[in-house]
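This report concerns only the one structure given below.
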Amino acid sequence: ALVCTPLLSMYAKCGCIIEAEDVFCSLFHGDVVTWTAMLSAYIERYQAENALRLFGLMPRHGMSPNQLTFLCAFQACGMLADAEAVIKNGVTTGISLHIGHALHTDSTLRGLVSDKHVGTATLSMYAKCSAMEESESVFDALVQRDTVAWNAMFSAYMELRQGERALLLYREMQQQHATMDDGTMVCLLQACREVGISETTRQLHFGVVCAKFEQIPSVSSTLIDAYGECGDMVDARTYFDELCEPD
RNA sequence: CACCGAUGUAGUUUGGU
């Protein structure tokens with residue numbers, strides 16, 4: 001299994017899901033690591049249903065899912081919700097939320113919710129299921145939040161078109177002196193764009209400069225877009241011109 | 001006691017059917 005798991009994983013990354021399945025099946029019973037690797041392989045190929053089906057088979061095969069297994073399961077569930085949302089034009093009322101609740105309960109019973117990575121994956125899953133309250137409560141329960149956890153919550157708000165809540169959360173983040181990265185900034189600028197507040201956009205622009213994010217393409221283009229959406233074409237143009245100048 | 005295979009979030013905009 002120590003040799004086969006990387007092999008399985010490599011096949012998946014190359015898009016060879018059949019070969020990955022062959023490796024998995026050849027292992028007969030395998031262990032929790034190979035099962036998790038197979039889940040990950042399905043996710044890699046956007047096969048959420050297959051991943052969830054395999055997850056459901058684990059108890060019958062005497063496998064107990066660990067943190068990493070749940071990470072995959074939550075990802076798969078979120079993927080399923082996204083697929084439902086596309087089909088249903090943005091309103092998710094399908095089975096993904098039920099599956100998500102079951103997964104959440106299961107992970108709680110196994111004592112895995114306190115894991116930072118599991119919590120992050122859980123809140124993201126809920127957001128994709130359009131379950132904002134669940135998403136928030138998972139985030140609130142997260143004790144040690146790192147940048148990825150914050151970003152996940154911001155992204156959740158953006159997914160749910162809750163720009164104002166995102167900007168409120170940003171204040172909390174500042175109070176806690178949490179570290180942000182360029183991804184955080186993109187989320188916040190998208191929130192500004194949604195809400196349309198010029199002043200906040202300027203404050204964020206200041207933050208972009210302080211953090212030296214100006215030259216990151218995703219940040220600069222989002223900033224220009226935020227200015228434009230707030231009706232501040234002069235600021236947008238000024239910033240754009242600054243970017244074009246050499247240091 | 002050490003090592004070890006699976007490892008969480010998000011990321012410019014716009015249009016067409």
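Numbered from 1 within each chain, the chains take letters A, B, ... in sequence-line order. Source: prediction; values computed, not measured.
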key: Any donor-acceptor N or O pair under 3.5 Å, side chains A:Thr5, A:Thr34   =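 Their side chains do not contain a donor-acceptor pair, so the 3.5 Å distance test is not met.
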In whole angstroms, how far is the [atom2] atom of [N] from the [atom1] atom of [X]?
X	N	atom1	atom2	answer
A:Met185	B:U9	CE	C1'	17 Å
A:Met79	B:U9	CE	C1'	13 Å
A:Glu21	B:A6	CD	P	19 Å
A:Leu112	B:G8	CG	P	16 Å
A:Phe24	B:G5	CZ	P	19 Å
A:Leu39	B:G8	CG	P	13 Å
A:Tyr42	B:A6	OH	P	19 Å
A:Leu68	B:A6	CG	P	9 Å

Nucleotide of B:G5, B:G8, B:U7 approaching A:Ser40 most closely (side-chain heavy atoms) =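 Within the option list, the nearest is B:U7.
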remark   = Counting primed atoms, P, OP1 and OP2 as sugar-phosphate and everything else as base, the B/S/- map of nucleotides 10-17 of chain B against protein heavy atoms under 4.0 Å is BBSSS---
message = Please classify the nucleic acid contact of A:Gln67 as base, sugar-phosphate, or nothing, using heavy-atom distances under 4.0 Å.
response =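 Contact class for A:Gln67: none.
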query = Which part of the nucleic acid does A:Thr147 contact within heavy-atom distance under 4.0 Å: base, sugar-phosphate only, or nothing?
reply =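 Since no nucleic acid heavy atom lies under 4.0 Å of A:Thr147, the category is nothing.
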key: Under the 3.5 Å Watson-Crick or G-U criterion, the dot-bracket string of RNA chain B, with | for inter-strand pairs   = .................
Is the shortest heavy-atom distance from the side chain of [X] to the side chain of [Y] under 4.5 Å?
X	Y	result
A:Glu229	A:Glu194	no
A:Asp106	A:Phe70	yes
A:Asp82	A:Glu159	yes

Set of residues satisfying side-chain hydrogen bond (donor to acceptor under 3.5 Å, both in side chains) with respect to A:Glu136, sequence neighbours excluded =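 Partners of A:Glu136 by the side-chain hydrogen bond (donor to acceptor under 3.5 Å, both in side chains) criterion, ordered by chain and then number, come out as A:Tyr157.
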inquiry  = For B:G8, does the base pair up with any side-chain atom of A:Asp115 as donor and acceptor (N or O, under 3.5 Å, distance only)?
reply    =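 In this structure, the two groups form no donor-acceptor pair.
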request  = For the pair A:Glu172 and A:Arg145, find out whether any cationic side-chain nitrogen is under 4.0 Å from an anionic carboxylate oxygen.
outcome  =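 A:Arg145 and A:Glu172: salt-bridged.
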ask   = When you look at NE2 of A:His29, are more than 12 heavy atoms from neighbouring residues, nucleotides or ligands closer to it than 6.0 Å?
value =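 No.
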inquiry  = Atom CD of residue position A:Glu164 - does it have more than 12 heavy atoms of other residues, nucleotides or ligands inside 6.0 Å?
reply    =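 Counting other residues, nucleotides and ligands, CD of A:Glu164 stays at 12 neighbours or fewer.
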key: Option among A:Val186, A:Leu188, A:Asp182 that satisfies the side chain to side chain contact (heavy atoms under 4.5 Å, CB included) test with A:Thr184   =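 For A:Thr184, the side chain to side chain contact (heavy atoms under 4.5 Å, CB included) test succeeds with only one of A:Val186, A:Leu188, A:Asp182, which is A:Leu188.
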